[in-house]
Trainee: 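Sending over a structure as structure tokens; questions will come in a sec.
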Amino acid sequence: METLLETRDLSKLYSIGERKVKVLQSVSLIVGEGEFVVISGSSGSGKTTLLSLLSGLDRPSSGRIILDGQDITDLTEDQLAPVRNQLTGFVFQAFHLIPSLNSLENIMFPAELLGDRLAKEKAEQLLKKVGLSQRSNSFPEQLSGGEKQRVAICRALVNEPKIIFADEPTGNLDSENSEGIIELLRSIHQDQNATIVMATHNKAIAEKADRIFHLHDGRLTVER
Amino acid sequence: MTAGLQWKGERVINGKFLLRELLYSKKQAVIYILCVALSLVSLVAVNSFRSDIDRSISGDARALHGGDIILHSHYELSPGLQRAVVSLTEENRATAVRAWEFYSVARKSDESGSLLCNIKVVENGYPLYGRVDLASGREFSDVVDAGKIVVGQGVLDRLDMAVGDQLLIGSALFEIVDVILYESAKPVRFFNIGPPVLVSYKDLPVMDLVRQGSRVEYETLLKMDDANSVDSVAAWLRGRSLDGQERVETFRDAGSGIKRFFDNLLFFLSLISVCTLLLAGIGIESSLSAILRLKEKNFAIIRSFGATRAYLLHHYLLFVLILSAVGCALGVVSGLLVKGYLSVLFSGFLPQDIVFRSSVADLLEGVVVGLMVVLFFTFLPLWRINNIKPVVIFRRESSREEKTTTYYLCIVFGFSALCALLIRYLGEVSTGFYFLGGILLLLLIVNLMTRLALFSLSKIQWRRPGSRLALRSLLRPGNVTQSIVVTLSIPIALLLIIYLVENNLRGTYIDSFPADAPTLFCLDIQKNQQKAFRELAGGKITLHPVIRARLISINGKAVNRGREMKKRRDNLAREFNLTYREALLEDEILVAGKTLFRKDEKGEPVLQVSLLDTVAEMGNMTIGDILQFNIQGVKMEVEVTSIRSRTRSMLYPFFYFIFPEKYLKGAPQTYFAALHVESEEIPFLENRIVQSFPNISTVNIAETAKEMGRMMQKLSKIVNFFAAFSILAGGLIIVSSILATRFERIKETVYYKILGADSRFVLRIFFLENLLLGLLSSVFSIAVAQAAAWSLCHFFLGISYAPGWGACLWLIGLTIIFVVTLGLLGSIPIIRKKPGQFLRQLN
Ligand SMILES: Nc1ncnc2c1ncn2[C@@H]1O[C@H](COP(=O)(O)OP(=O)(O)O)[C@@H](O)[C@H]1O
Ligand SMILES: [Mg+2]
């Protein structure tokens, strides 16, 4: 199995006034292609922080991140743009759909950025796959939490990224919707052999992963 | 409420809470303060400037008019009135001084130069009130005597002369003995044309300029011994005067051209200030709304803890009050500073003895009007807080406030009060009413156009995601697209209107001064001088007979002198120049009637007149109307049989009233000639004419046009200065809108970035969004300005119109640069940041 994502001695400091808080301390991890990895840990343990470093949304205080053979640690925002657009997909706890675009347009957007002529067809297919074809003209404010998250997942998938980061994708959903979303992620993993890195504090959900890491006191340990 | 519960927090104002709220929204608070200040600046400046002018011009109306009672005529006083004046002076009830004022050409004694001067011949005792300051510091009455005159500095400068030199006026030779520094009767001289010359009455016969039919203002100034008798004596004199020919006025009701000029200009500036005030009001509303929208959730949370509506309202009223007080103070102080600058801006237009001082009353008036506006425009946002329900916490989108009947009643009432106040402030009910109505209509139209444009843009299928997002961004709730477009369009339109009108005026009268247009007008040519004048001036010259007369009534209805004199444009009460001829001029066409005059079939003479369309409009006169004229004491009734229009520029001579030759041939008359002379030859010809005919006045039209141009330029500078304040209001609203939507913008930028958009893409969206804003604003303002400027030129000024598209293109460019720069400056900092940290705030 080939390595897709690798970190070396990653650490992240936050300074609150004079005081410095070490949220992550020399985290090293390797994720292979096609793996479904879960990062577990209690609330405030640093899961979101780690995921945003891994995906290049934030910059580490020290250490390096290598994604698909490319060191992304020091890339500028503009150099990161194609990485975010094509290599990675991100699913958030709070959905973060663009409020001024409807479901279909939200999903199309990354493909349009890429200049994909088939953006619309792809988005329609994805919507159909998650059972939301009839909501394609709805705006985010008109959708329920579960529907929003399904649209968000479609959006993360539209450019067929190699790796999908999901930060507590079920954190804002009830248990029924949560299960649906996890099932969706699993099927994507299985059908398309996509690599998934998911953060969660939910033990039951974590169980479904190939491998589980645990974050505690800023340190990452392998649980399974 | 349960009996045992303590309830303390409500009654007192929580200072900490207030301070925290102030600091939390400090940027918007600054915008709000600036808007309040802006609403007051020009109002305070103009208001206080206006009272300074009023004080210095009409503050001492006796000095300005030169007497308690002023008798005016274009002829020697009628015997009856003359006797009345004599009896007053003989009974020692009044002192009287006569003055004769006219324009005439003065020549150097060696005939090497000549100059049109404003000549005033005065009797001993002049001036009864006010003063004439001379350079030497001597008393005026000690200096001017037979053969000795005092002149304005302009005479010396233009003729290159000095005190002690000799000057020819008419057929008399004078010695210049002093220079006039200041005359109370003429506190301002707008034109460089016609500098003053004061002459003793002893020289009146020697000059030989006051002849039958020449243009002389005969004035008799009276100073009453008993100040209380002014009105009764004036009424008594009025009873003895010739109606329609002689005017009896007191210093209180006499009109003054200078006062009228300033009244008009300052009234116009007041209109612009009111416009700024209303636009700043929109800024007040939108910035306060932005502050409050930011806090909507806070309010809901606080209310869910049990704070009452009153608690919030009280705190926020105080919050708004503090900010408004700061804004007012700032507005008043800057208003006074601006006023200080006005004396620079108006230089050359101001009375020399004007005293700038700021009375509390003037300030107060400005502040009261400003505060009413602030009150009105803060009402809407504050209403919103009052109606916030705790349930808002659970909603993501901002709540829609409930609008009850009370709300609408408040708006209607507040708005009517505001209009009433503004109209009172403007002091002219009908103009104020039309103006406010016009502004409202304009606001409405631009608003509708904006809505329509945005609606149609949103219906287009935008292929590129950038354009789609830019448009959606404009349509987002809380983005005050409409306010921005409206507040930008109106002042820009205003500036453009001023520019276009000025440009068209300039184009008509100055730049494209027609090659064959007359450059020299000669007036007061006497009947017996016709032949000699023709020989001297050379070429084919038309001499137009001029008979002076007044219009008394139209269809038996007397011309309302009081109302006519108040008109801002030409009026029917003034003295007109009638002429007679049997054919149309080259540039005249008939617009009503088959021929210039109707031929009578029975051979009976029909008394008839042909009107120029402009004068027909002034009095709503049409064919068949019967007009009664007073032609130097003789009454004549005539029927209107044709109406003419002119095809050439105003620079060619024209006559309002044309009679058939036979009726006026015998009336006392002078002749008028319009000559076309190359401009470098004008002075020589002028010289020759006045040498041979000292009584003929010449007016250098080419130079007058240039002088008008200079004056127009100056006026438009003043007006532009005030209009710029309105643009500032537009700018503030843009900044306020950027601040208000900042959070949304951050959010969207972050979203675009995590999905893989680079900075170019984000910049392009912001750019497109602001480009659209700028484009809409400038296109609407151009549409409004073209329509308004065309109407002004076509209906009001009666000149041809050139739309000046080049300037409009410039305007579009400048507006877009202005809007895009402001917009991008506000947005760029967001692009640079890493998205990770923002995402945390968005949860
Ligand atoms: N900008 C910041 N400044 C200071 N502390 C921060 C900042 N962002 C996150 N933290 C802290 O970092 C820790 C980890 O947060 P986070 O990664 O969100 O944890 P998790 O996602 O596991 O709940 C928390 O204790 C949080 O308070
Ligand atoms: Mg988290």
Side-chain angles (χ1 to χ4, degrees), chain A residues 12 14 48-49 51-60 76-102 105-115 117 119-120 139-142 152 155-156 158-159 161 165 167-168 171-172, chain B residues 394-400 454 458 461-479 481 741 743-765 769 828-843:
Chain A
K12 180 74 181 173
Y14 284 121
T48 300
T49 308
L51 246 56
S52 59
L53 292 182
L54 295 180
S55 59
L57 293 180
D58 210 348
R59 203 182 289 280
T76 64
E77 283 294 288
D78 278 354
Q79 287 165 331
L80 279 169
V83 174
R84 290 173 186 157
N85 188 234
Q86 296 154 57
L87 201 56
T88 69
F90 215 116
V91 180
F92 302 92
Q93 178 175 359
F95 323 126
H96 293 323
L97 294 175
I98 299 175
S100 56
L101 300 181
N102 64 28
E105 289 167 335
N106 258 292
I107 300 171
M108 280 160 65
F109 183 68
E112 286 179 323
L113 278 178
L114 187 60
R117 289 178 176 281
K120 195 167 179 195
F139 285 88
E141 62 175 70
Q142 299 161 325
R155 184 178 67 175
V158 73
N159 280 347
F165 297 98
D167 183 13
E168 307 211 33
N172 280 358
Chain B
F394 305 112
R395 272 189 249 145
R396 296 227 125 196
E397 284 65 42
S398 65
S399 66
R400 303 249 183 286
L454 289 178
S458 72
Q461 286 293 319
W462 294 97
R463 306 226 33 217
R464 308 200 31 185
S467 334
R468 192 161 59 221
L469 286 167
L471 192 75
R472 293 283 165 78
S473 179
L474 277 182
L475 296 168
R476 104 180 79 208
N479 201 6
T481 306
T741 54
F743 184 71
E744 293 284 310
R745 268 166 210 283
I746 292 176
K747 189 158 99 181
E748 276 162 28
T749 310
V750 168
Y751 289 168
Y752 303 151
K753 286 176 73 168
I754 57 181
L755 296 174
D758 56 10
S759 46
R760 268 187 41 218
F761 180 85
V762 180
L763 270 177
R764 197 163 65 222
I765 293 180
E769 182 182 343
I828 282 177
I830 308 170
I831 298 174
R832 298 273 190 75
K833 302 263 170 65
K834 278 264 176 194
Q837 281 309 308
F838 283 114
L839 276 172
R840 194 175 297 278
Q841 301 167 15
L842 302 181
N843 280 320

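What you see is a predicted model; the values in this text were computed from it and never measured. Lettering of chains follows the sequences in order, A, B, ..., and the numbering in each one begins at 1.
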Trainee: With only heavy atoms counted, which part of A/Arg155 is less than 4.5 Å from chain B, the side chain, the backbone, both or neither?
Mentor: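 Just its side chain gets close to chain B.
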
Trainee: Would you please test A/Phe90 and B/Ile754 for side chain to side chain contact (heavy atoms under 4.5 Å, CB included) and show each step?
Mentor: CA-CA 8 Å; A/Phe90 215 116; B/Ile754 57 181; 5.6 Å; no

Trainee: Just verifying a value: how many Å separate B/Tyr752 OH and A/Asn85 CG, rounded to the nearest 0.5 Å?
Mentor: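 One finds 14.5 Å between OH of B/Tyr752 and CG of A/Asn85.
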
Trainee: Supply the atom-to-atom distance B/Leu469 CG to A/Ile98 CD1, rounded to the nearest 0.5 angstrom.
Mentor: 6.0 Å

Trainee: With only heavy atoms counted, which part of A/Tyr14 is less than 4.5 Å from chain B, the side chain, the backbone, both or neither?
Mentor: side chain

Trainee: Give the member of A/Thr76, A/Thr88, A/Asp58, A/Asn172 that has the highest number of heavy-atom pairs under 4.5 Å with chain B.
Mentor: A/Asp58

Trainee: Could you look at A/Leu80 and say if it's the side chain, the backbone, both or neither that has a heavy atom under 4.5 Å from chain B?
Mentor: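 Interface part for A/Leu80: side chain.
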
Trainee: So for A/Phe92, is it side chain, backbone, both, or neither that comes closer than 4.5 Å to the heavy atoms of chain B?
Mentor: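 Looking at A/Phe92, just its side chain touches chain B.
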
Trainee: Using a 4.5 angstrom heavy-atom cutoff, name the option from A/Asn159, A/Val83, A/Leu97 with the most pairs to chain B.
Mentor: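 The candidate making the most pairs under 4.5 Å is A/Leu97.
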
Trainee: Could you tell me whether a side-chain N or O of A/Asp78 sits under 3.5 Å from a main-chain N or O of B/Asp758, the two making a donor and an acceptor?
Mentor: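 Not confirmed, A/Asp78 side chain does not pair with B/Asp758 backbone.
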
Trainee: Compute the ring centroids of B/Tyr751 and A/Phe95, then answer whether they are less than 6.0 Å apart.
Mentor: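 Ring-ring flag for B/Tyr751/A/Phe95: false, centres at least 6.0 Å apart.
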
Trainee: Between B/Lys747 and A/His96, is a side chain to side chain contact (heavy atoms under 4.5 Å, CB included) present by the stated rule, with each step listed?
Mentor: CA-CA 9 Å; B/Lys747 189 158 99 181; A/His96 293 323; 5.9 Å; no

Trainee: Which heavy-atom pair separates B/Leu755 from A/Leu113 by the least distance, and what is that distance?
Mentor: O-CD1, 3.9 Å

